[in-house]
Protein chains: 2
Amino acid sequence: MMKKKISIKDIAKLTDTSITTVSFVLNGKGRISKEISKKILDVAQKNGYEPNRMAVGLRTGVSKVIGLIVESIGGPFFGEMAKVIEEEAEKGGYRIIYCSTNNNLQKGKDMIRMLSQQLVDGYIITPMKGLEKDIQNLVDNEKPVVLIDGYFPGTNIPHVLVDNFASAYNAVDCFVRSGYKNIGMVTADLGLIQLNDRSLGYKAALKDNKLKDSSKMLLKIPFDMDKNEGVEAIKAFIEKQKQMDAIFFTTNYLGTMGLQAIKDLKLRIPEDIAVISFDDNEVFSLYPPGITTIQQPTYDIAKSAIDILMAQINTHKLDASKIDLQIPSKLIERGSTLAKVSA
Amino acid sequence: MMKKKISIKDIAKLTDTSITTVSFVLNGKGRISKEISKKILDVAQKNGYEPNRMAVGLRTGVSKVIGLIVESIGGPFFGEMAKVIEEEAEKGGYRIIYCSTNNNLQKGKDMIRMLSQQLVDGYIITPMKGLEKDIQNLVDNEKPVVLIDGYFPGTNIPHVLVDNFASAYNAVDCFVRSGYKNIGMVTADLGLIQLNDRSLGYKAALKDNKLKDSSKMLLKIPFDMDKNEGVEAIKAFIEKQKQMDAIFFTTNYLGTMGLQAIKDLKLRIPEDIAVISFDDNEVFSLYPPGITTIQQPTYDIAKSAIDILMAQINTHKLDASKIDLQIPSKLIERGSTLAKVSA
DNA sequence: ATCATTTGGTAAAACGTTTTAATTGTCTAC
DNA sequence: GTAGACAATTAAAACGTTTTACCAAATGAT
């Protein structure tokens with residue numbers, strides 16, 4: 001056992017040819033006769049030759065690895081994303097090296113620094129506040145980069161994400177169509193542009209529908225609040241806003257916290273309060289009476305991101321700086337937004 | 001911009017020393033005078049020197065990367081796992097390269113082959129039927145390997161997973177304590193040893209409690225069934241087993257399918273049917289009246305796995321072949337197993 | 001027959017490290 | 001003073017590839 005890996009040099013010796021010849025045959029370059037080619041291919045095959053990635057990487061400067069930096073691979077959204085990205089990358093012979101930042105800025109910076117030690121050919125990153133410089137630096141150094149799930153306003157870094165503004169706008173519209181007029185919103189204080197866009201969509205929709213100003217019916221959960229505290233905060237919020245008859249949660253995890261809060265308060269959905277949450281997931285489809293959600297097109301986002309990245313990698317001088325892909329979401333209507341029966 | 005990365009050679013030139021000296025200083029080897037050391041360190045620091053991983057890898061044969069091969073990174077269980085593994089690995093300066101097999105044997109084989117092209121120093125793998133040979137081959141070639149979430153009976157590959165037998169046994173016990181006597185089970189037909197162990201635990205518990213033989217009240221969902229078909233199958237199963245008053249789902253996804261089925265049939269939990277599912281997750285805590293679950297110690301499993309792997313990597317001649325870590329699970333009791341009120 | 005071209009093949013450099021073995025001084029001990 | 005020990009430094013080989021530039025032989029054109 002422990003057969004030493006066979007190298008190109010060994011194959012050369014075995015076939016009585018030169019290293020160059022073997023390399024040429026294996027890569028389909030140069031011009032080598034059919035017979036010699038066949039002999040080399042046979043020997044390579046028989047001995048299970050696999051090129052040494054490190055050597056190739058050192059010589060050519062390409063690693064065939066792309067770095068995926070996300071907030072956390074756990075969770076349905078990024079998990080699903082990672083899966084698609086990995087599958088698509090694999091088709092191009094690329095592998096994924098995965099890093100999570102847990103929303104920790106320093107960790108994000110570290111990750112970028114590590115990966116840039118010539119070990120990845122491109123990056124897919126979920127941006128976070130404070131990482132602008134580091135990412136811009138990659139771009140300036142002509143590293144292929146695609147941002148997903150967020151972007152940096154005012155910079156020229158290609159990005160693909162759901163259309164957050166329109167999605168939130170549509171959610172409010174859905175409430176209105178069903179007869180709800182006092183629509184509150186719960187969001188998080190993470191400094192993420194995507195949450196901000198959702199807020200803007202919400203506010204714009206209120207305004208367009210001539211509904212009362214929302215400043216009162218808006219709750220921002222601090223980023224460092226844990227789950228239980230969050231539930232309590234939401235409960236307090238709901239109790240205070242007596243007239244509120246519908247509530248919009250801007251993220252998945254806020255939505256589940258919200259359900260817990262509503263359950264604790266023994267309120268009925270949608271009779272006492274209608275609900276919409278961002279990010280569809282199993283809880284929402286199962287939880288009675290079914291929670292209306294904004295389903296992010298994870299597949300499309302991931303697919304587009306990897307495609308754009310590959311395009312950058314392959315055609316070296318592609319100008320991707322103008323790519324701003326905002327993909328529409330899908331509103332999944334369930335029981336939580338049934339038409340209101342006026343009291 | 002696009003400053004060419006600085007190399008050890010450049011630093012040598014800049015400090016008027018030799019390549020060797022720089023390498024020695026940077027790695028704390030050899031014996032170099034304080035003054036020269038300082039000069040070199042300063043220059044390296046100032047220019048943001050980072051060693052070229054490829055070159056190091058080629059020269060030393062270690063990549064500082066470990067391969068994580070799981071069924072699918074999506075899903076709460078593996079996602080959480082991946083997170084812990086990545087965090088722990090990072091402490092030792094290792095990065096994770098991630099691959100999912102989607103339960104596809106060929107893909108699993110391909111992954112192992114790719115990763116073994118000298119690009120990872122160790123493997124964490126969720127085993128699947130048919131991969132025995134390939135994995136054994138890694139072990140024979142002295143590659144560090146740890147299996148998680150499953151194992152190959154009769155082989156000597158270190159593994160860490162939840163104690164599936166005891167977990168299932170405890171679930172049945174919980175039903176019995178609450179007064180349920182006709183306990184059915186729904187499992188999947190994936191050929192996975194862990195599911196088999198769960199079945200065995202279930203059967204043993206039935207026997208020890210002198211309950212009626214279970215062969216009738218056992219449903220096996222074929223591996224290629226989609227979600228809707230699964231729900232239908234479970235509905236049919238429940239309707240057929242009139243006397244069944246409790247049901248045990250051996251996986252997360254079967255559990256949620258089961259909830260859907262029970263909901264469709266308009267049965268009450270636990271009055272009409274008590275429920276326990278493997279793998280705790282948000283749905284189960286939220287879904288009224290709260291579903292009792294077997295919570296896998298994901299953190300412990302992941303932590304142990306990476307620790308064992310690191311131990312193998314660092315102390316080269318560690319005999320890990322006897323490591324068989326079966327970690328107890330935690331039964332989270334919720335409303336779905338409240339004491340039965342006899343009719 | 002001679003020169004130009006093509007065809008089939010290879011030597012050698014380079015990528016950026018690590019590490020062995022060698023080379024210079026300096027110092028100690030006799 | 002000289003032999004050995006030791007300290008500080010370095011030259012050079014090696015890891016496994018890719019690729020440039022070159023060479024010899026065969027073919028074609030005149």
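So that the names make sense, note that chain A is the first sequence line, chain B the second, and so on, each numbered from 1. Values in this document were obtained by computation on a predicted structure and should not be read as measured data. The analysis underlying the following values was restricted to heavy atoms, covering all of them including side chains, and did not include hydrogens, waters or symmetry mates.
Using cut-offs of 30° and 60° for the angle between ring planes, the Y98(B) and Y98(A) rings count as perpendicular.
Taking side-chain N and O atoms only, S33(B) has a distance below 4.0 Å to OP1 or OP2 of dT9(D). The phosphate of dG8(C) has neither OP1 nor OP2 within less than 4.0 Å of any side-chain N or O from R31(A). Between T21(B) and the phosphate of dT10(D), there is a side-chain N or O to OP1/OP2 separation shorter than 4.0 Å.
In summary, D42(A) and K46(A) do not engage in a salt bridge, as defined by a charged side-chain N under 4.0 Å from a carboxylate O. With salt bridges taken as basic N to acidic carboxylate O contacts below 4.0 Å, one links R113(A) and E50(B). Between E86(A) and K107(B) there is a salt bridge, since at least one side-chain N of the basic residue sits less than 4.0 Å from a carboxylate O of the acidic one. In this structure, K91(B) pairs ionically with E88(B), as a charged nitrogen and a carboxylate oxygen lie closer than 4.0 Å.
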Under a 4.0 Å heavy-atom criterion, the protein footprint on nucleotides 12-24 of chain D, written with B, S and -, is BBBBBBBBB----
I'd like a table of atom pairs between the protein and nucleotides 25-27 of chain C - only N or O on both sides, under 3.5 Å - with the distance next to each one.
none

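A side-chain donor-acceptor contact under 3.5 Å links S63(A) and D121(A).
Proximity of a side-chain donor or acceptor of N141(B) to a complementary backbone N or O of K143(B) within less than 3.5 Å is not detected. Judged by distance alone, with hydrogens and angles left aside, the side-chain atoms of Q117(B) form no donor-acceptor pair with the main-chain N or O of N52(A) at under 3.5 Å.
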